[in-house]
Structures are given as structure tokens and as C-alpha cells.
Number of protein chains: 2
Amino acid sequence: MGYSIKTISQKSGLSQYTLRYYEREGVLPEVARDEHGNRCFHDEDLELISLICCLKDTGMPIADIKQFISLSKEGHSSLSEQRRLLQQHKVHIDEKIKFFQTFAEKVEHKIAYFASLEEQAETENNEA
Amino acid sequence: MGYSIKTISQKSGLSQYTLRYYEREGVLPEVARDEHGNRCFHDEDLELISLICCLKDTGMPIADIKQFISLSKEGHSSLSEQRRLLQQHKVHIDEKIKFFQTFAEKVEHKIAYFASLEEQAETENNEA
DNA sequence: TGTTGACTTACACTTAACTCTAAGGTCTAC
DNA sequence: GTAGACCTTAGAGTTAAGTGTAAGTCAACA
């Protein structure tokens, strides 16, 4: 039978607007319809949506995701190209992790700095 | 004497447009001017810009950065509030790092999966 | 039977964060 | 003395990624 757009919205955390937008934009391949023309999602769709969210949330632009997904339709010949794109993205994610770790440290230092300023201010208050 | 906007643009990696935009929006506190009305940045500005970039690049929205920066003008009384905001943001960064690490693994698996499919396809090719 | 709720499409609107353009001022070098 | 490289502001335009609205279909329920 398949899932309604409402169900998929709840399961994926994407709004119904966003799901329709993704299909419209070709990010999500055409979703099957029931006899009334209503979208009828299946488990494969849900899996694909999960991959799309993963790519999106790690900073891949919608346009790139679309390109990646569209390769799936071309079957075996595009497997290595898909793999290449994922590998490229993996490098990107790893860089981002390093970057974030560095910045987490910076922020940590800044926090310590603010704490020391506060302490200093308090000491001065007590002396006055 | 201070640095021109061009110099700061080069040093910070932000475009001149962006630097003016940040000042306009109050993300960057008012920059000093020379006798011709041209912006005249100093080392403190550069430091602040570096902090702003750090916050921005770790996902803090411009509006929140603005709020954080504006607290600086209020002196000692706002130190603990500034520290609180930074701590909050630090939590956010740490979550993001974890999230990215999980997704890096997912992508890794996907890559392995594609590689196995390719291998399979190749074997079938050789047999045919 | 009529109204409520879930769905559809097409299209307009929003938001964040820039990015560019136009029109103009000032300084330096030939 | 004028061309070129700087800078200025105000305000318009762009891009990505949604988000919302209007008008309509359809099925189930009181």
C-alpha cells in the first residue's frame, strides 16, 4: 500500500512542503501515486530520503544531491561515478570535522578567557 | 594608521561587500574612519572578525552573532551572559561533530556498498 | 448530505546571507 | 589635468532552500 506524505513527513522529519519540493526539484525521484493521484511512498523511498538527509545535513547542496540521485537511474554504468562523488563528499565531511574541532577549541579558550575576566571583576568588587 | 577595507578583506577572507554588510547589520561594531570617511580597521577589529568567522563557520546565525557582539559594548555586566552564549554554542559544535562523525561512517558504508556492486558487475562481465 | 480532513497542483512569498550597481569623492602618477 | 585605483553610500538584485496560499478533488463520518 505504501505510506502517505504525512507519514513520511513524520518519519523523515522533513515537512510535506519540503518533500514535494524535493520531488519537484528532482532531488527525490518521482514518487509512485495511488488511484487518486496521491503520493504513495515505499521503504526504498524512505531509505533514499534518509541518504538525502545525510548528504544535506553534512553540507551537500541540493543541486549536487540531485545530480548524485539522478545517476542512480542510469544503472551500473554510473556506479563508479556515484562512488567517486561520495568519496569526494567524505573528504569534505572529514575536513569539516577537523575544522569544527579546531573551532571548538578556540571557543573553549574564549570561554576560559571570559571566566577569568569575570573572576577578576569579582575580585575588584570585593576589594572596593 | 590602521588597515584599509581591501587589506582586511584579504586578511580575513571576507569580501569587501561582506565586511560592509556586517558593519551595516551591526555584526561588526562601527569601524573607525580616517579623515576622508574611509574605514580604518585596527588589530582589535581583525581579532573580532576572526571570532565572528569562527562562530559563523560553526553554524551560528548572523543574528545571534550580532547579539553576542552587542553584549561586548555593555562591559563587565554582560560577561557572564557572553560566556553563557559561548558555552551554549560549544555544546552545539560538539553535537555537530558527533553528528558528522556518524554521517561520515554512513557515507563510508555507502562507498563500500557501491564498490561491492561494481565488483559484482565486473565479475558478471568477465563471465559473459 | 454536508462538512471535515487529507491530499493535489501551480505559483507566490520568505529568509538569510550576501553581492552587485550606480553615482560619486579623493589621491597619486604620468 | 586626467586616468586609474582606491574608497564611500543607498539601494536593488541574487541564490538556496524552503514555506505558504489558493483552488480544487476525494473519501469517510454524523
Side-chain angles (χ1 to χ4, degrees), chain A residues 1-42 45-46 48-70 89 92 96, chain B residues 1-42 45-46 48-70 89 92 96:
Chain A
M1 288 283 324
Y3 311 106
S4 71
I5 194 166
K6 187 180 187 183
T7 308
I8 293 297
S9 168
Q10 284 160 351
K11 285 192 188 225
S12 68
L14 298 176
S15 73
Q16 298 188 23
Y17 297 139
T18 304
L19 288 166
R20 292 198 194 98
Y21 165 70
Y22 280 3
E23 190 186 358
R24 212 162 55 229
E25 294 294 305
V27 175
L28 202 55
E30 276 193 32
V31 178
R33 302 304 172 113
D34 66 10
E35 67 274 24
H36 306 303
N38 291 0
R39 284 174 188 79
C40 192
F41 291 85
H42 296 97
D45 296 313
L46 201 51
L48 203 54
I49 289 169
S50 148
L51 176 60
I52 289 169
C53 286
C54 164
L55 295 174
K56 187 195 66 169
D57 292 341
T58 49
M60 189 184 278
I62 294 297
D64 291 11
I65 298 176
K66 176 180 168 172
Q67 193 203 339
F68 174 79
I69 296 294
S70 74
H89 186 58
H92 177 78
K96 230 165 182 173
Chain B
M1 285 284 325
Y3 311 106
S4 73
I5 194 165
K6 187 179 188 183
T7 307
I8 293 297
S9 169
Q10 284 159 349
K11 285 193 188 223
S12 68
L14 298 175
S15 74
Q16 298 187 23
Y17 297 140
T18 303
L19 288 166
R20 291 196 196 98
Y21 165 70
Y22 280 3
E23 190 186 359
R24 214 162 53 230
E25 294 294 303
V27 174
L28 201 57
E30 276 194 32
V31 178
R33 304 302 174 113
D34 66 11
E35 68 273 24
H36 305 304
N38 291 359
R39 283 174 188 79
C40 194
F41 292 84
H42 296 97
D45 295 314
L46 201 52
L48 203 54
I49 290 169
S50 148
L51 176 60
I52 289 169
C53 287
C54 164
L55 295 174
K56 187 196 65 168
D57 292 342
T58 49
M60 189 185 278
I62 294 297
D64 292 12
I65 298 176
K66 176 179 168 173
Q67 193 203 340
F68 174 79
I69 295 295
S70 74
H89 185 58
H92 177 78
K96 228 164 182 174

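This one's a predicted model, so the numbers in the text were calculated from it and none came from an experiment. All values below were derived from every heavy atom in this structure, side-chain atoms included, with hydrogens, water molecules and symmetry-related copies excluded.
In this structure, the separation between OG on A:S9 and CG on A:L19 is 6.0 Å, given to the nearest 0.5 Å. Atoms CG and NZ, on A:L28 and A:K66 in that order, are 12.5 Å from each other to the nearest 0.5 Å. With values rounded to the nearest 0.5 angstrom, B:D45 atom CG is found 9.0 Å from B:C40 atom SG. Atoms OH and CD1, on B:Y21 and B:I62 in that order, are 6.0 Å from each other to the nearest 0.5 Å. Note that CD of B:E25 and CZ of B:R20 are 14.5 Å apart. Values are rounded to the nearest 0.5 Å.
At the phosphate of C:dT9, OP1 or OP2 sits under 4.0 Å from a side-chain N or O atom of A:R33. Put simply, B:H36 has a side-chain N or O that comes within less than 4.0 Å of OP1 or OP2 on C:dC27. Proximity of B:R39 to the phosphate of D:dT8: a side-chain N or O atom is located under 4.0 Å from OP1 or OP2. Between B:S4 and D:dC6 there is no side-chain N or O to OP1 or OP2 distance below 4.0 Å.
Per the geometry, CZ belonging to B:R24 stands 14 Å off P belonging to C:dA17, to the nearest Å. For the pair B:L19 CG and C:dA17 P, the computed distance is 16 Å after rounding to whole Å. Rounded to whole Å, atom P of C:dT28 lies 12 Å from atom CG of B:N38. A:I8 has its CD1 atom 11 Å from the P atom of C:dC7, to the nearest Å. Put simply, CD on A:Q16 is 8 Å from C1' on C:dA6, counting in whole angstrom units. When the C1' atom of C:dT26 is taken as reference, atom CG of B:D34 falls 10 Å away, rounded to whole Å. What separates OH of A:Y3 from C1' of C:dA6 is a distance of 19 Å, to the nearest Å. Atom CG in B:L28 sits about 13 Å away from atom P in C:dC18, given to the nearest Å.
The side chain of B:Y17 lies closest to C:dT21, out of D:dT21, C:dT8, C:dT21. Side-chain proximity of A:Y22 to the nucleotides D:dT8, D:dC7, D:dG18 is greatest for D:dG18. For A:K56, taking side-chain heavy atoms from C-beta onward, the closest of the listed nucleotides C:dT19, D:dC7, D:dG18 is D:dG18. Candidate nucleotides C:dA17, C:dT21, D:dT8 were compared by shortest atom distance to the side chain of B:I62, and C:dA17 ranks first. The side chain of A:S15 lies closest to D:dT19, out of D:dT19, C:dT19, D:dC7.
Each of B:T7 and A:R20 was matched to the nucleotide of DNA chain D holding its nearest heavy atom; the match closer to the 5' end belongs to B:T7.
A:E25 comes within contact range of no nucleotide atom at all, as no heavy-atom separation falls under 4.0 Å.
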